[in-house]
Amino acid sequence: MKNSILSLLQATTLDVQTVAKGWVRHKRSSQNVSFVTLNDGSTIKTLQIVADADKFAEELKRIHTGACLEVHGKLIASQGAGQSVELVAEKIIVLGEANPEHYPLQPKEHTLEFLRENAHLRARGNTFSAVFRVRHALGYAIHKYFNDNGFYYWHSPIITASDAEGAGEMFQVTALDLKNLPKDDKGNIDFKQDFFGRPTNLTVSGQLEGELGAMGLGKVYTFGPTFRAENSNTTRHLAEFWMIEPEMAFYDIHDNMDLVEDFLRYLIKYALDNCADDLEFLDQRFLKEESKKKKEEQAEMSLVEKLRFVVENQFERLTYTEAINILLNSNYHKKKKFLFEVKWGIDLQSEHERYLVEKHFKKPVILTNYPKAIKAFYMKQNENEEAGKETVRAMDVLFPGIGEIVGGSQREEVYERLKARTDEMHITEELSWYLDTRRFGTAPHSGFGLGFERLVLFVTGMGNIRDVIPFPRTPLNASF
RNA sequence: UCCUCCUUAGCUCAGCAGGUUAGAGCAACUGACUGUUAAUCAGUAGGUCCUUGGUUCGAGCCCAAGAGGGGGAGCCA
């Protein structure tokens with residue numbers, strides 16, 4: 001009774017009674033017999049049900065794409081081409097009809113935009129079920145990798161009173177009655193009367209709390225939802241996304257790079273080894289999408305080829321300064337094809353990153369040692385540098401087609417130096433608990449943040465981040 | 001938030017220079033067909049042409065504002 005369609009399709013003993021349950025993908029009828037393909041999410045493949053037209057006349061009238069069936073019958077070697085086994089129905093129970101007058105999905109290709117507007121039903125299609133199976137596999141592989149490598153799963157808070165990290169606009173969390181806000185003597189909102197007695201927000205990063213974990217447990221990682229209230233409308237931003245943030249005591253920036261590279265290659269290999277059917281399907285979809293593009297914009301490799309390439313080749317590692325020099329010496333720069341000026345000190349624009357990754361190196365790139373001025377306060381400062389050219393041990397991993405997939409750094413562990421930065425930003429008091437890690441038993445340490453959906457985007461070859469999370473949250477969109 | 005493109009049947013799209021009954025494929029429905037593979041064939045039904053206002057004798061088409069969506073940019077993961 002617990003047969004999945006995956007297990008039925010792999011069955012070695014045939015001509016036995018069995019039961020299959022699933023949703024109808026398609027029905028084809030001829031005079032004497034109807035064929036119904038059934039899918040239950042256990043695989044991208046479908047099981048063909050063979051139903052006698054007279055015997056199941058009533059049931060067949062109620063069976064349309066999207067209906068849910070329980071079919072009892074005999075599993076036999078298929079008489080037709082296209083599948084190895086099929087189920088000859090002896091009893092069909094229609095568990096749920098899907099009235100075709102109202103059910104939006106049809107046995108045809110829909111646009112991703114249409115499916116996005118029907119996100120409550122899109123797990124029932126090939127593309128999205130494949131994407132979500134791969135998403136699951138990657139999520140599992142993340143836990144497996146860290147567990148196998150001595151990391152502890154560390155839960156940083158979702159609700160936080162800290163807004164010091166500066167990672168982006170925050171969603172406020174309050175239990176106050178917004179129609180009747182309490183005010184203090186000065187007429188400001190009196191947060192002392194709020195649930196936590198102070199203003200609170202949804203987390204934009206678990207990093208600072210992750211560091212606290214690393215300073216006792218050694219190696220930890222967080223993997224949880226993260227929230228940014230930015231008005232971002234792009235194919236690679238979400239207001240609610242999942243982030244993986246490992247934090248390791250005694251790791252310097254080079255250990256950090258070794259880890260992130262090994263980690264990413266492991267995850268991609270895991271997907272190749274465990275999601276072959278889904279990736280093959282997604283690859284066909286990917287190639288179809290690519291063929292619509294102009295010749296010069298088409299990808300040079302198929303999806304699976306691209307994934308294998310990343311697994312088999314080392315990432316390119318270089319410093320920010322080296323990257324700037326490559327950009328300055330490029331034909332793109334000489335022909336003035338860059339919209340934004342290239343010079344030491346700028347924050348690299350998308351076009352610059354894309355040039356480095358997609359045109360120059362044609363592989364993933366790890367950039368390090370960014371100018372201090374454009375990076376976060378907690379990053380470790382390099383020693384003995386020319387004034388005005390100070391750099392920090394930051395590390396960004398850039399992927400083709402995705403851009404920044406990982407941002408990380410070695411952390412500043414010297415109390416005086418870190419405090420100098422928090423003083424500049426007037427956050428020393430607020431972050432006293434964070435600074436305490438440097439006051440008591442400080443240690444060199446490093447970490448990074450991986451955007452989970454960006455990884456899923458890369459592995460599945462999808463083009464829009466809204467299509468790799470079941471229920472995307474973006475500006476003006478919180479349906480379902 | 002900025003730039004740009006788009007919105008016509010349940011879905012994907014066409015619609016000639018603004019001209020009278022707005023089309024196709026798929027889906028649905030009816031029927032035909034020796035087990036099909038996005039089956040095939042014949043027929044039927046299905047539309048506030050995103051909304052509002054304007055120009056015009058006349059608007060799916062032109063103009064303006066608004067709404068929704070795509071792509072690019074910024075912010076970043």
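Quick caveat: nothing in here was measured; it's all calculated off a predicted structure. To find a chain, count down the sequence lines: A is the first, B the second, and so on, and within it residues start at 1.
Backbone-only engagement by A:F114 is indicated by non-hydrogen atom pairs under 4.0 Å involving sugar-phosphate atoms exclusively. A:Q79 comes within contact range of at least one nucleobase, with a heavy-atom separation under 4.0 Å. At a threshold of 4.0 angstrom between heavy atoms, the contacts of A:G407 are confined to the sugar-phosphate backbone, with no base atom among them. Contacts of A:Q106 with the nucleic acid, taken as non-hydrogen atoms under 4.0 Å apart, include base atoms. Among the heavy atoms of the strands lying under 4.0 Å from A:T235 are primed sugar atoms or P, OP1, OP2 only; no base atom is included.
Residue-nucleotide stacking is not present for A:F35 and B:G35, judged by a side-chain ring centre under 5.5 Å from the six-membered base ring centre and planes under 30° apart.
For the ring pair (Phe, Tyr, Trp, His ring centres under 6.0 Å) with A:F452, the lone residue among A:F458, A:F241, A:F223 that qualifies is A:F223.
When the P atom is used for both B:A17 and B:C63, the distance is 16 Å, rounded to whole Å. Rounded to a whole angstrom, the distance from the P atom of B:A24 to that of B:A32 is 25 Å.
For B:G70, the OP1/OP2 oxygens have a side-chain nitrogen or oxygen of A:R116 closer than 4.0 Å. Side-chain N/O atoms of A:R25 include none lying less than 4.0 angstrom from OP1 or OP2 on B:U37. For B:C33, the OP1/OP2 oxygens have no side-chain nitrogen or oxygen of A:N32 closer than 4.0 Å.
We find that A:E109 and A:K288 are joined by a salt bridge, their nearest charged nitrogen and carboxylate oxygen being less than 4.0 Å apart. The pair A:K306-A:E300 does not count as a salt bridge, with every side-chain nitrogen at least 4.0 angstrom from each carboxylate oxygen.
Side-chain contact between A:T37 and A:I49 is absent, with no heavy-atom pair separated by less than 4.5 Å.
You'll find a donor-acceptor pair under 3.5 Å spanning the side chain of A:S232 and the base of B:C75, going by distance alone. Put simply, the side chain of A:E86 and the base of B:G35 share a donor and an acceptor less than 3.5 Å apart. Not a single donor-acceptor contact under 3.5 angstrom links the side-chain atoms of A:E109 to the base of B:U12. Below the 3.5 angstrom threshold, one finds no donor paired with an acceptor across the side chain of A:H110 and the base of B:C11.
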